[in-house]
Every structure is written in structure tokens, then in C-alpha cells.
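Here's the structure we're looking at; comments come further down.
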There are 4 protein chains.
Amino acid sequence: MTTQRRTPDAGRRSEATRRAILDAALELVGEVGYARLSIEGIAARAGAGKQTIYRWWPSKGAVLFDALLALSEGRDEELADLPDTGDLEADLKTVLRATVDELNDPRLSEPMRALTVEILLDPKLAADFAERLDGPLRELKLRRLRRAREAGQLAPDVDLDIALDLIWGPLQRRWLHREGPLTAEFADAVVETALNGLRPRT
Amino acid sequence: MTTQRRTPDAGRRSEATRRAILDAALELVGEVGYARLSIEGIAARAGAGKQTIYRWWPSKGAVLFDALLALSEGRDEELADLPDTGDLEADLKTVLRATVDELNDPRLSEPMRALTVEILLDPKLAADFAERLDGPLRELKLRRLRRAREAGQLAPDVDLDIALDLIWGPLQRRWLHREGPLTAEFADAVVETALNGLRPRT
Amino acid sequence: MTTQRRTPDAGRRSEATRRAILDAALELVGEVGYARLSIEGIAARAGAGKQTIYRWWPSKGAVLFDALLALSEGRDEELADLPDTGDLEADLKTVLRATVDELNDPRLSEPMRALTVEILLDPKLAADFAERLDGPLRELKLRRLRRAREAGQLAPDVDLDIALDLIWGPLQRRWLHREGPLTAEFADAVVETALNGLRPRT
Amino acid sequence: MTTQRRTPDAGRRSEATRRAILDAALELVGEVGYARLSIEGIAARAGAGKQTIYRWWPSKGAVLFDALLALSEGRDEELADLPDTGDLEADLKTVLRATVDELNDPRLSEPMRALTVEILLDPKLAADFAERLDGPLRELKLRRLRRAREAGQLAPDVDLDIALDLIWGPLQRRWLHREGPLTAEFADAVVETALNGLRPRT
DNA sequence: GGATAATCGAGACGGTACGTCACGTCTTAAG
DNA sequence: CTTAAGACGTGACGTACCGTCTCGATTATCC
């Protein structure tokens, strides 16, 4: 689940140091923000040599990415299937409300926004992110929507990629751009309106 | 339309230097990208002193912002009203297709993505941007939608902010995250699907 | 007594501004020391434009020079003849003790050391200084010694330049290099020992 | 013999870089003079990073000091005892004539004057200089004079500090202030006249 | 269990850019 | 024409990090 598979000899790698680095990265990003987060700072805080970081990660963004992944490890809900009670609207509301809660936790939200931003600019990081997090999640969502379409809850000709954007886009946009509060009501309203447009016309 | 009103004694400001700086910023961002754009580099290219930049702009993001604004000056379509032929769907398609064209021009698109990203991280810049560009544009859009709602083309209880997100969000998201090609077809499909969900239920 | 004779149009010169600049220079050199004294700082403190300083003085050293000269104006003892009671040793002790007192006043001593140092490095300033202060003073001293030699109190073949160095050198050296305290006793001892070597051998 | 003992982990210090910096400093001070010598320039000429200079030296004066020390390394005459043939006058003439030769070599003289001047203004540098060069040399001179006093060649009550000033002061003063040529004759005359005043009165 | 090879901390190094200060020149507006 | 004010190009300051590069000093398998 980390980058270590791609590196020379992961066998010898010090797990303690790896954790210290990820922890330091999280602490520091909370204290000074992403822009002023530096490899030097992480190394110093972690009591690690700079080379140790450069050996295992290509950029500070990659370190923070792993640090955030490590945070959400254990909570395997991450890559579990989306709920499927048969009621698409209810299920989507459940999922989006959970996301709203996560995004309202500044401990997660701030570094995650920083990381998202970094991803927008760094294609390498974007690829890593797509492979390890965004891609799989997107697949889960598509799967749930496909099932709904097969069950006749969505119009048969609906473009699922666009559907996905309609449902998750407003939330992510409002979060990323800080355009207004993230509330359960907002999540509900988005789901309702989007589904309105996606349901089979009678 | 520029920052100069907020600064000390803008009367003495050298217009030639101001243009040289904005031009240099645009050239350089095209050549090396935003991450490697530096105040130092802009000053050197413009034949200006660094202090002259620091005197009038608070960050390289702010310089680029003004540079992009200057680019689109003259084309007053910017802050003109959105078209209103009475046919909301057709009007929105016109607008979104125009946006698609703009975003497919890499001369504008790349620095604009960089600037957008900078805005995400820098609240000061965000405020400036909101005041001078995003806010007014948003207002235009809301006005058009409000007229449509009054004309009965949208459900009377629709939340216009959410409507706005549903219509413009997917496009912006796909652009910002480079998630697939920006085409007229995509624009059309988004408008159709979103309006489906926003129209009065019969 | 100032530089103004050498400049384009002294007739229009503002005396109030000139005083303000010299006063500001003295204040600032006392507050921040010579190294951090700046033309900008003087202009700001004096409420004068920088150009006004550049118009009338060639360097901050020159400003300080004039400022120090202005300080000792009025006290005409400056360029009055050295005392001549007939007793060379007593007269020299009187003079050197007075110098000791002056040099122990930090209000004068610190900027004077700074100026002296500047003179060591700036030949233009050195020439100005030699012409307006050091030369005349040296001439007074030589005149007193010459009278003493004619009166048989010094050996007839003594080199007066060397005599002058022997008498005033140690004091100036100890002051400039901060090598030990400046006391009346030291002044007396120097005069006695130096005169020992300069008197006619019996 | 250099500053490195006072600095963090001098073990890793690159000797090649250290030499390159000192050499560059000497070259540059010869080309542009001390006032226009800059850390930036030294680093560029030496092919070193600025930080490398700041890591090991506190000021450009300190760099030049080390550079001059390095110049005179090898010539161990530096800290060897002053000659003692039993004839004080002859010995002092030998020493002062050697000094005159050194001070007439502009390769040494110019940077040395600049450094001397810097020392006058910078107490830290002065302390360093006193500890590593001036102090030891002064001690050698005092030792020679003390031996002469014990041998009855100087008056028993003579203050050796003042004696030292009388003998070396005029030469240093004439050099530092550029007050006339430095010749062997001048050195001889100073020694003769000063010793005249210091010998026991018969 | 001792050799050996990679990892580790530490941090020096050549660089780039930062944001600030002062330089000396210039332009403007007021008197 | 001088003045106060201050923008301008220039250049150096001293600092922060970059990413690379040695250094010993641990480890942690593998012979």
C-alpha cells in the first residue's frame, strides 16, 4: 500500500524511521501548513537524515500522501463496497454525509486539501494517487451506479461518468474552494437534485 | 481593474514597467510552468528590479492574476450579461461551449490552472480573486438562472447555488483535475442532465 | 567651513534643511553606529529628500564630517594657537590632557572614530579632511615645536615630523585601536618620554 | 590557526573549498578593493555556495583575515622570537626595516589596511585578531624590550607599553594614514629618537 | 556467530530563490 | 531652482531549502 515496492531493497527498511517520518510530516503540516512544510523540517522533526527521505519518497507531496494513507489505515471501510440497500438515494446520502463529516475534520481536511492541490500540479503524484486511491474509489462508485442503472433507478442511457460528477462534484468543489459550509443538508439536496436529472423519464 | 488602487501613491507608477512585468510573467509561466516561476525570474526578464514587483504585488500569484486579467482586457464579453434568448438550455450550451474552447487553449489554460491552484491555498489571493473576478461572474450566472426560474423553466424551489454547481461544476472539475477531454459534447450532456434535475416536475 | 562653496548654487540653499540633515546624521550615528548609518536614514530622520543630500555631499562620510565640524564650531579654541608659556613639556601636557578629555567623551569619540576610519579608506574624504582640519592643526603643532627647537628645548637636528609622531602618535593609536584607557597620566608619561628623546644631548 | 576550531563539526570541512574561498577573497580584494568586496562575489569566484562561507566565517572581514594569515603561513618568521644580538638599536632597526618592506608590498599592504580598518570598527573581529595575531606579536616585542631593560639598555622605570608605542607607533601611523613614504631611513630615525628617550639617563 | 552490505543519522556542499535594505538616479508637484 | 517625496534599476545582504554527496555507526541477513 506504500511506495516501498518500487525501491531497491525494502527488506532492510527501518519501519520505525518510516513511521517517525510520516508522523512528523503530519504534525508539521498541521503546524505550519503545506506551503511551509519542508523535507528538511520533516527530517529534523523525525530525527531522520534527509537522505532517508529522499531514498524512499520522490517529493514532500508523496510523503504527505503516504502519511494520510497511513492515517486512514485500519478503517477498512475505505475500500469496502458502497452500501447497497436497494435505495440509491438513501445510500448516496449515507455516503455523502460521511464524506461531509470527514471533510469537516480540520485534522484531515487541511493536509488533504494541500495534497489535492499538489496533485493538480504534479502529474507523477497524480498518477500515484489515481492508481492507489482515486481510481479504486471511482470504480466503487461506478459499480454502485451501474447496479442502480441495471435496476432501473437511473435512465438507461445515462453517462455514468457525468452522473458521478453531478453527484460528487458539487461537494468536492465546495470543499476545495471553501465555497460555503459543508452540511448534511447540502449533501442531501445535491443527491436529490442530481438524481432528479438522472432518473428514467416516465 | 488592477491592484494599483490599493497601493501607496499609485500616481507615480510606471506603466511601462507594469506591462513589462505582466508580460514577462506570462512568458515565463508558459516556458517553465508555475512551480518554477519566480519573482527573481520575472524581474530579470522584465528588466525590472525585484523591489518594484514587491512594491506592487504581494506574491507571484498576484502578479500572474493581474497578468491574466490584462490578457482578457478588451474582450469585454467577460463581464457582459449571459445570453438570454428565452431558451435556457440553448443559452447554457452556448456559454459552456465557449468556456470549453477557452480551457482548451493551453496559452490560457496552463497559467489559469496554476493560478486557480494558488488561489486554493492562499486566502488573500482568494479574496482578491473573489472580489474582482469570481464574484461578479457568479452573480451573472445567478441572475440568468433566476430569470429562468421566474420564467418557470426551473423548479420554483430549486437552490440556485446548487444549480450553479451542478451546471458548471463538472466542467470545472474535469478541467482542473484533467479527468478526460473537454468537448462540446460533454458540455451539452452536462447541461442536459443537470437541467433534467432542475426543471419543474410535471 | 562647509562644502557649499564648491557647489552649483549655494545662494538658494536652505539653511534649515542643512542643519536638519547634520543633526539627523549626528543623532543616528549615536543610535546605530556608523556602519548602519545610511543616507536614506538621515533623509528620513531629517524630513529631507535624498536628492537634497546627494546634491550637497558626496558620501555619508562627508555628511558626518560636516556634522562634526558644526559641533565644534563656536569653540574657536580649535584653530587657535597652541599654548606657549615657554615650558614645552607643560604646554604639551596641557594640550594632550585636553585631547584625552575630548576623546573620552563618547558623544564625540564614537562618530569621530568612525569618521577617522572612513578617511583611511576614502582618499577624497581624506583630502577634504586634510585641507580643512588635519593640515591646519598639524601646522599649529609644527609651529609650536619649531619655536621650541629655536629656543634650544629640542635638539637642533630633530626631525619635526617624527617628533610630532612620537608625541601625538601613541595617544591617537591607543584611542583608535582601543588599546587601553586614555588617562592624564598616560598623556604625561608619553610627553615626558618623548621629550627625553628629543631634547638636546648635553 | 584558523577559525575552524570554534565551529560545528569541523571534521567534515572541505579543505579544497576553504582554500578556494581564501584565494578568491585575496584575488578580489586586489581587483576591486575592500569596500566592493562582497561575500557574494567571493562565493561566485570560488565556485562555492554563500552558505558555505557563512557557515565558517561571520563576516567578510573574518574571511580576509584568514586569507591573509594563510598568505603568511609557512614563513614561520612570523611568530619566531625577535632577533637579540645584544644590540637593541641594531635589532630594532632590523625588525622595523623588515616591516617597512612588507608594508611597501601593495599585494599585502592594501588588504591589510582594509582589514586593520575593519578591525577598528568590529569588536568581534578585533578580539579574534588580538587573540590570534596582535596579542602574540605584542608579547614578543615586550619580551625583547624587557630583556633590554634588564640588560640596562633601557631606563629601569620605563613603561614598556609606552616604549612599544613610541617605537612602533609612528611607523604604523604613517602607514595607516598614508602620511608620507615608508623608508628604511624613517625606520632608523624613529628607532634612534625613541631609544634616546628610553635609555637610562646618565 | 561473524562477515558484509545496505540503511541510518548527520550534515557539508553548490545552488536557487527568498524578501529586505540601501544605493544613486530619476521624475513629479509644491513653493 | 530647490525641495520633499518616493519610484526605479541595481546589487548585496543573510536565510531557508533544495537535492547530492560523503561520512562513520548501526543493523540484519547470509555465509
Side-chain angles (χ1 to χ4, degrees), chain A residues 7-14 16-18 20-21 36-44 46-56 58-60, chain B residues 7-14 16-18 20 36-44 46-56 58-60, chain C residues 8-14 16-18 20 36-44 46-56 58-60, chain D residues 7-14 16-18 20 36-44 46-56 58-60:
Chain A
T7 49
D9 184 350
R12 298 201 183 290
R13 183 168 188 179
S14 155
T17 292
R18 185 180 152 272
I21 289 169
R36 286 158 68 182
L37 180 66
S38 70
I39 300 258
E40 300 235 350
I42 297 171
K50 283 201 293 175
Q51 201 58 267
T52 304
I53 298 183
Y54 283 110
R55 191 162 17 237
W56 302 108
S59 66
K60 70 171 176 175
Chain B
T7 49
D9 196 353
R12 304 218 183 295
R13 182 168 190 180
S14 156
T17 293
R18 186 181 150 271
R36 287 167 143 173
L37 180 67
S38 67
I39 301 258
E40 199 121 344
I42 296 171
K50 282 200 290 176
Q51 202 62 269
T52 302
I53 300 184
Y54 283 110
R55 185 157 28 232
W56 302 108
S59 66
K60 69 172 176 175
Chain C
D9 185 352
R12 298 198 183 285
R13 183 167 190 181
S14 154
T17 293
R18 186 180 152 273
R36 287 158 66 181
L37 180 67
S38 70
I39 301 258
E40 301 235 348
I42 295 171
K50 284 200 291 174
Q51 201 58 265
T52 304
I53 299 184
Y54 283 111
R55 194 168 3 247
W56 303 107
S59 66
K60 70 172 175 176
Chain D
T7 50
D9 197 353
R12 302 219 184 296
R13 182 166 189 182
S14 157
T17 292
R18 187 180 149 271
R36 286 167 145 175
L37 180 67
S38 69
I39 300 256
E40 198 121 343
I42 296 172
K50 281 201 289 176
Q51 202 61 269
T52 302
I53 298 184
Y54 284 110
R55 183 151 36 226
W56 302 108
S59 65
K60 69 171 175 174

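Because the structure is predicted, anything quoted here is derived from the model rather than measured. Residue numbers start from 1 in every chain, and the chains themselves are labelled A, B, ... in the order their sequence lines are given, proteins ahead of strands.
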Completion exercise
In whole angstroms, the gap separating P of E:dA10 from CD1 of A:Ile42 amounts to 16 Å
Practice task
Could you pull out the closest heavy-atom pair between B:Ala46 and B:Ala20, with the gap in Å?
Solution key: CB-O, 3.5 Å
Problem - Five-pair end axes of the helix from E:dG1-F:dC31 to E:dG31-F:dC1, angle between them (10°) - result: 10°
Exercise for the section: May I ask you to evaluate whether A:Trp56 reaches the phosphate of E:dT7, defined as a side-chain N or O under 4.0 Å from OP1 or OP2? Expected result: no
Exercise for the section: Applying salt bridge (charged side-chain N to carboxylate O under 4.0 Å, His left out), name anything that partners A:Lys50, two or more places apart in sequence or on another chain. Expected result: A:Glu40
Completion exercise
Considering only heavy side-chain atoms of D:Ser38, the closest of F:dC8, E:dC18, F:dA12 is F:dA12
Fill in the blank from the handout: Rounded to whole Å, the CG-P distance (B:Leu37 to E:dA17) equals 10 Å
Problem - D:Thr52 vs E:dG14: side-chain N/O to OP1/OP2 distance below 4.0 Å - result: yes
Problem - For the student: nearest non-hydrogen atoms of A:Ile42 and A:Ile21, plus distance - result: CG2-O, 3.7 Å
Exercise for the section: Can you tell me the distance, in whole Å, between the CZ atom of B:Arg36 and the C1' atom of F:dC17? Expected result: 16 Å
Handout entry: side chain to side chain contact (heavy atoms under 4.5 Å, CB included) evaluation trace for D:Arg13 with D:Trp56
Key = CA-CA 9 Å; D:Arg13 182 166 189 182; D:Trp56 302 108; 3.3 Å; yes
Handout entry: Under 4.0 angstrom between A:Arg55 side-chain N/O and E:dC8 OP1 or OP2
Key = yes
Practice task
Mind checking C:Gly41 for me? I need base, sugar-phosphate or nothing, with any heavy atom below 4.0 Å counting as a touch.
Solution key: nothing
Can you pull every protein N or O that's under 3.5 Å from an N or O on nucleotides 24-28 of chain E?
| residue | atom | partner | partner atom | Å |
| --- | --- | --- | --- | --- |
| E:dG24 | OP2 | C:Tyr54 | OH | 2.7 |
| E:dG24 | N7 | C:Lys50 | NZ | 3.2 |
| E:dG24 | O6 | C:Lys50 | NZ | 2.5 |
| E:dC26 | N4 | C:Gln51 | NE2 | 2.1 |
| E:dT28 | O2 | B:Arg12 | NH2 | 3.3 |

Exercise for the section: Determine the contact category for D:Ala43: base if any of its heavy atoms lies under 4.0 Å from a base atom, sugar-phosphate if only primed atoms, P, OP1 or OP2 are that close, otherwise nothing. Expected result: nothing
Exercise for the section: Enter the distance from D:Ile39:CD1 to D:Thr52:OG1 here, rounded to the nearest 0.5 Å. Expected result: 11.5 Å
